[in-house]
Student: 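Got a structure for you, written out below as structure tokens; questions coming shortly.
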Amino acid sequence: MNSDPKTMSTTAIDAPSALHFWRRSGLAVALLLVALGSLPATPSHAQDIQSAPSFVDDFKNFDRERWYVSDGWSNGSHQNCTWSKGLVKLSDGVLSLGFAKQKTKDREFACGEIQTKQRFGYGTYEARMKTDTGPGLNAAFFSYIGPSDKQPWDEIDFEILTKDTSKVQVNAYIAGKGKNEKLVDVPGGTDSAFNDYAFVWEKDSLRWYLNGQLVNTITDPAKLPSHAQKIFFSLWGSDTMKGWMGAFADPGRKLSLQVERVAFTALGQPCQFPESLVCSVKELGKTN
């Protein structure tokens, strides 16, 4: 896990096998390997949430101290692909998570996911990414913690259902309960260019931004997360979730979710790069 990536223009990211875990099931399951690492269990009171430090990752290399690569399992029967380290690659400063026809175990397709080893709390979460297009697929940037880490299921989402790349769905799960979703228009589409996705998580609010514009806000205390979470990127498909993701069809080619940059800026810390939402979020908050 801590070995350096291969030195080449396109770098395949290796990872060890891990215990099977169910991100979406909400069932109590075994812990991930100790090698995943994490902060100590966070207190239940929101004001006491602990967090790993701020960071910016522009994927000039693959930081194995920060990222764990999912490999060798799927998240449940709804998922038609197996996580594969071979579908996670670096090329010219872009992280690519792939989806391809590749039989692995009982699945006909393979797909890519990475997650942080540390957990993060209040602050600004940002990603610059571009999707492919195709029905029955989900390209996601989100934070999550749950039963696999012996914690309640809390989650904050950007999910692009690539059946319709003109929109992105924002959502939050609190103790495993969702129903906070909202579809947001993406001018020009998620597949035609890189877009900036960000959410700002504070004690009394949760706000989502698209290309610097505020698109959704939650202030109801019952709908706000209260547990530090890991950061994830994933691209996966489903044969069964047709009503939500569309009827899956073999794309006939390898698809990808491309990520140019991801950052976390802890609450109260200065902005870390010129394009960061943190540089202007106070002004945006006043005008929206």
Student: For K101, which residues count as a side-chain contact (heavy atoms from CB on, under 4.5 Å) partner, sequence neighbours excluded?
Tutor: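 Checked K101 against side-chain contact (heavy atoms from CB on, under 4.5 Å); matches are F109, D250.
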
Student: Is there any disulfide (SG to SG under 2.5 Å) pair reaching into residues 77-154, and which pairs are they, with sequence neighbours excluded?
Tutor: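 Every pair satisfying disulfide (SG to SG under 2.5 Å) with a residue in residues 77-154: C81-C111.
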
Student: Among all residues two or more places apart in sequence or in another chain, which pass the side-chain contact (heavy atoms from CB on, under 4.5 Å) test with S192?
Tutor: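 Expected list: none.
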
Student: Identify, with sequence neighbours excluded, every residue that meets ring pair (Phe, Tyr, Trp, His ring centres under 6.0 Å) alongside Y125.
Tutor: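 Checked Y125 against ring pair (Phe, Tyr, Trp, His ring centres under 6.0 Å); matches are F199, F264.
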
Student: Looking just at side-chain N and O atoms, do E155 and S143 make a donor-acceptor pair shorter than 3.5 Å?
Tutor: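 There is no such pair between these side chains.
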
Student: For residues 251-258, which side-chain N or O atoms pair as donor and acceptor with protein atoms under 3.5 Å away, sequence neighbours left out?
Tutor:
unit_1 : atom_1 : unit_2 : atom_2 : d
R253   : NH1    : D132   : OD1    : 3.4
R253   : NH1    : D132   : OD2    : 3.3
R253   : NH2    : D132   : OD1    : 2.8

Student: Sequence neighbours left out, what pairs pass disulfide (SG to SG under 2.5 Å) with at least one residue falling in residues 164-260?
Tutor: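 Those involving residues 164-260 do not exist here.
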
Student: List in chain and number order the residues that pass salt bridge (charged side-chain N to carboxylate O under 4.0 Å, His left out) with K103, two or more places apart in sequence or in another chain; answer none if no residue qualifies.
Tutor: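 By the salt bridge (charged side-chain N to carboxylate O under 4.0 Å, His left out) rule, K103 matches E108.
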
Student: Considering only residues two or more places apart or on different chains, which pairs with a residue in residues 206-273 satisfy disulfide (SG to SG under 2.5 Å)?
Tutor: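 Qualifying pairs: C271-C279.
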
Student: Can you name the side-chain contact (heavy atoms from CB on, under 4.5 Å) partners of D58, sequence neighbours left out?
Tutor: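 Residues passing side-chain contact (heavy atoms from CB on, under 4.5 Å) with D58: K60.
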
Student: Got a sec, which residues hit side-chain contact (heavy atoms from CB on, under 4.5 Å) with D196, two or more places apart in sequence or on another chain?
Tutor: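 side-chain contact (heavy atoms from CB on, under 4.5 Å) check on D196 returns R128, N211, R261.
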
Student: So which pairs with a foot in residues 175-191 pass side chain to side chain donor-acceptor pair (under 3.5 Å), sequence neighbours left out?
Tutor: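 Listed by first then second residue: T131-T190, T165-D191, K167-D185.
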
Student: Please give the remaining members of the hydrophobic cluster of V56, linking ILVMFWY side chains under 4.5 Å, ordered by chain and number.
Tutor: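 Taking Ile, Leu, Val, Met, Phe, Trp and Tyr as members, V56 shares its hydrophobic cluster with F273.
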
